[in-house]
Amino acid sequence: MSGLRRRLRVSAVLLTATALFAAGCGGGGSDKSSANAGGLEKTELNIGMLPLPETAPIQIAIDKGFFKAEGLTVTKPTIIAGGAAGMADLLSGKLDVMHSNYVSAITTAATGVGKIKVVGEAWTAKPGNFALMVKKGSPIKSVADFKGKTVAVNTFKNVAELAMLSLLKTNGLTPEDVTFKEMPFPQMQGGLATNQMDVAFMPEPFYQTAASKDGAVLVAEPFAGPTADFPIAGYLVTEDFAKKNPKTVAAFQRALVKATEVAISNSAEVEAALPKYTKIDRATAELMVLGGFSTTVNATRLQRVADLMTDFKYLPSKFDASSMIYSGSAS
Amino acid sequence: MRKFSAAVLRLWVVPVVLAVWELSTRAMEQPFFPPPSKILATMGELWFSGSPATLFLTDEALGNFPHSVGRLLAGWVLSGVLGMTFGVAIGRSPLLYRFVDPIIQFGRALPPPALLPMFLAIFNTGTKMQVVTITFGVIWPVIFNAADGARHVDPLHLETARVFRFSRAQRLFRVILPSALPKIFAGLRLSLSLALILMVIAEFFSTEGIGYQLRLAQRGFQLPTMWGTVIIVGVLGYLLNQLFLLAERRALVWHSSARRNPA
Amino acid sequence: MRLIPRALNSALVCGVIGVVVFLCLAEAAGRLGIIPTAAFPLTSTVLVTAVKLTADPDFLPDVADTFIGWALGLVATVVVAVPLGLLLGSVPPIERALRPVTEFLRPIPSVALIPLAAFVFADRLEMKVAMIVYASTWPILINTIYGLRDVDPVAKETLRSFGFGPLAVLLRVSLPSAAPFIATGIRVAASVALILAVSTELLGGGSDGIGSFIAVAESSPEGLTLIVAATVWAGLLGLLTNGAFVWAERRIFRWHTTKTGAAQ
């Protein structure tokens, strides 16, 4: 936001701050739509995403001008908070497109918190993307040894925990056999070393660093067997936005696919993009396996996520995940 | 009976707020803002549908609430004792004040959530870590107010104490502390509700407690449960504050009578 | 008292000594393993990283953003809380009637409200200011109420007997007498506001401020050191603003300090 606009906002802010509490009125984003050559309903896109490797295609699309070529203006992606706060940003119109993991997306759609559509895929778990790590010298050698242990995940009731529950089941354990604990990824390495938990669910590059610095040991890959090729995250818009802006959505999809293809074919592009929106430096980026970028939303796999969520009581009943996949006139 | 009607009079604002809340949320029809009737129903189901033997509290409530409240009180009492001692000391000793002031000002501007990794590293998850987090987070208003109170003692009172050849201890307990008391109480009252906030934050990274329940509800998009925990925290805050005011009134009655007849 | 070297009369000298001793203790705690270095970086590492952050082109604008949000929020809080405190403090029946509501709202953690606020506010700066007002109102409100309670009844009576109205009594006796209390409240509120500014940026998303810098830092295995270093900057911001407040209070309340012979 420019300094001038900010100054102009001051008085408005003071007023709203006093008035808004008790009132609790809803807010909505203003559409800055304008006529343009491509007939796009909205040219300026606010994209929200987490600073994770999987959102590299958005940065690539900005840097390589893929959005611009489609007539879209995307200046800088907004870094969002995960979970309900991020979803509130999308539903309240602060964001037009939001990167989100599928568990949050399905929960939002299935519980009626918001009507959303998946317009693109971000990441599908591939071998080497995630790992279950234990401390050096830990007696835990396999998933079967997890009984009675504490497992750290980055967020409760989300992808990591769901994958763990599925893995436990495959290994003959029940959800009650382990205790889950929430911990941000950067703290997990130290958490393992100081016995704050027994097992940590870590993505790359965190698990590689934990292994090289503290000698942490990889016991198992969380996404294997029934959860192999597990769809992790995608890009969402609200149903309302999709209905009103089909051409804009199509333009976004084209730019995203193009950028994702670059990310898949040339990992050097990803390594160059990462330091621009994350704190992952180039040297660390080069150690990463990556490879989970995906250009298509697979309905069968997405349904598998929803079914697992029903199995483990994340959802009260069965949910048809295909209903949330966007199928606009992507001509 | 008169006491009862006085209580009714005092709480008239509660049904009014509830009614406005109910009507406005019904009009909004937003899943993020469920009406209070729905929140209360969820709360009842989750926490207050137990057997009469346990005062209708469910296992879920019994497994979480008492632990949380215990830690909260432990942290608050600890911060009260430490904060008062330290605050009065720096309020009366300009030299000590000069040494530690920058550290205090720095410390209280640090967001406690950012220090959680440090407390976790030292104490691991558990009661000790949570009590320390609460103490660290709420001690500042107590130190502050105690120091200000102790600094601004009426010189006339101190002069009187000198004339009557009070010992150091007498001077502290009969002049300085009574004079600083209103400010200390203001600090303690502030820190009580801050302690509730810190309790919730510290429990985010644990495996039980009200904060843990809130975090679970947030993660699962269970908005009525989320609001329910918020209400529990609010009601708890109200009750603790009422108890505090009761205690304070007793202490300050003594204080104001002491003030009227100094020494 | 003459045993104390003259240098120790300087707040700056003492403060620097205090800080250096504190930092040495913290470093020792890390080196001796009291704070395991595996889980929390050494003080020296943090300080070096904090200094290095000034070279990060993203970081200083973030500090500025946090500062602007904090300042706006604090001004808004004072505008809301001081008049409210004066009203509640001078008309006890209103205070009693509203107490269930205020005491209910006060302990509600802002971290629980941020996801909900994210839904209400379309603008992130507005949301930040609103969260600051919510959390920092209480210290000012309560200190104002306590300050009014502590006003010398004789002085009020005197003015009343001279025929002054309630408003004049409030402005001429109660407000000046409660002002030091209010000032302390504002000082406490200032640090609460800073914490809220950072937390809202962190938990509410957005691309400005120390909080969002912390959110981005969570992407890196080196994130914890960066996060702690960024937090140090938040602490420094608090230190500086508090210094400004103390300085202002000294000038404004010189009469009060002399009257009560400030801790000599």
Side-chain angles (χ1 to χ4, degrees), chain A residues 1 6 9-10 12-14 16-18 20-21 24-30 48 50-53 76-89 91-95 154 184-187 189-194 196 205-210 213-214 274 277-281 284, chain C residues 35-41 56 58 65 68-69 72-73 75-77 79-80 101 105 111 114-134 137 200-208 211-227:
Chain A
M1 195 190 296
R6 184 173 274 142
R9 281 268 162 87
V10 172
V13 164
L14 292 181
T16 33
T18 49
L20 264 177
F21 292 109
C25 42
S30 57
L50 288 167
L52 298 175
K76 190 183 165 199
T78 303
I79 301 302
I80 54 167
M87 207 53 86
D89 278 350
L91 298 176
S92 68
K94 272 201 279 300
L95 298 173
N154 62 325
F185 289 134
Q187 288 173 40
Q189 185 189 335
L192 275 180
T194 53
Q196 292 176 40
F206 294 94
Y207 82 83
Q208 286 105 329
T209 314
K213 286 212 172 140
D214 285 351
L274 283 179
Y277 70 97
T278 71
K279 293 284 167 195
I280 302 174
D281 57 41
T284 312
Chain C
I35 305 174
T37 41
F40 200 79
D56 187 327
D58 296 335
D65 279 320
I68 291 167
L72 280 176
V75 168
T77 311
V79 169
V80 173
V101 182
L105 289 177
V111 282
I114 287 169
L116 303 167
F119 194 85
V120 174
F121 295 97
D123 181 285
R124 287 181 202 278
L125 184 64
E126 271 170 30
M127 172 170 146
K128 208 191 295 184
V129 169
M131 293 316 292
I132 290 173
V133 172
Y134 178 81
T137 291
T200 312
E201 289 156 1
L202 176 62
L203 302 168
S207 295
D208 312 310
S212 62
F213 180 87
I214 291 177
V216 173
E218 293 211 332
S219 65
S220 155
E222 310 301 324
L224 187 56
T225 311
L226 283 173
I227 291 167

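The chains referred to below are lettered A, B, ... by the order of the sequence lines, with proteins before strands, and numbering in each begins at 1.
- Asp208(C) places none of its side-chain heavy atoms less than 4.5 Å from the side chain of Arg124(C).
- Rounded to the nearest 0.5 angstrom, Phe121(C) CZ and Thr200(C) OG1 are separated by 10.5 Å.
- Both the backbone and the side chain of Ile79(A) come within less than 4.5 Å of a heavy atom in chain C.
- Contacts of Phe40(C) with chain A are absent, with no heavy-atom separation under 4.5 Å from either backbone or side chain.
- Using a 4.5 Å cut-off between heavy atoms, Thr278(A) contacts chain C through both its backbone and its side chain.
- Using a 4.0 Å cut-off between charged nitrogen and carboxylate oxygen, Asp65(C) and Lys128(C) do not count as a salt-bridge pair.
- The shortest side-chain heavy-atom distance between Ile227(C) and Gln187(A) does not fall under the 4.5 Å cut-off.
- Proximity to chain C (any heavy atom under 4.5 Å) is shown, for Tyr207(A), by neither the backbone nor the side chain.
- Proximity to chain C is limited to the side chain of Gln196(A), based on heavy atoms less than 4.5 angstrom apart.
- Contact annotation for Leu116(C): neither backbone nor side-chain heavy atoms come within less than 4.5 Å of a heavy atom of chain A.
- In this structure, the portions of Thr78(A) lying under 4.5 Å from any heavy atom of chain C include both its backbone and its side chain.
- Within the 4.5 angstrom heavy-atom criterion, no atom of Leu192(A) approaches chain C.
- In plain terms, the two heavy atoms of Glu218(C) and Pro184(A) that are nearest each other are OE2-CB, 3.7 Å.
- Interface summary for chain C: among Gly191(A), Pro186(A), Ala193(A), Ala210(A), the most heavy-atom pairs under 4.5 angstrom belong to Pro186(A).
- With a threshold of 4.5 angstrom between heavy atoms, Pro77(A) approaches chain C through N, CA, C or O but not through any side-chain atom.
- Using a 3.5 Å distance cut-off with no hydrogens or angles, the side chains of Glu222(C) and Ser220(C) do not pair a donor with an acceptor.
- Using a distance-only test at 3.5 Å, with no hydrogens or angles considered, no donor-acceptor pair links the side chain of Thr137(C) to the main chain of Thr77(C).
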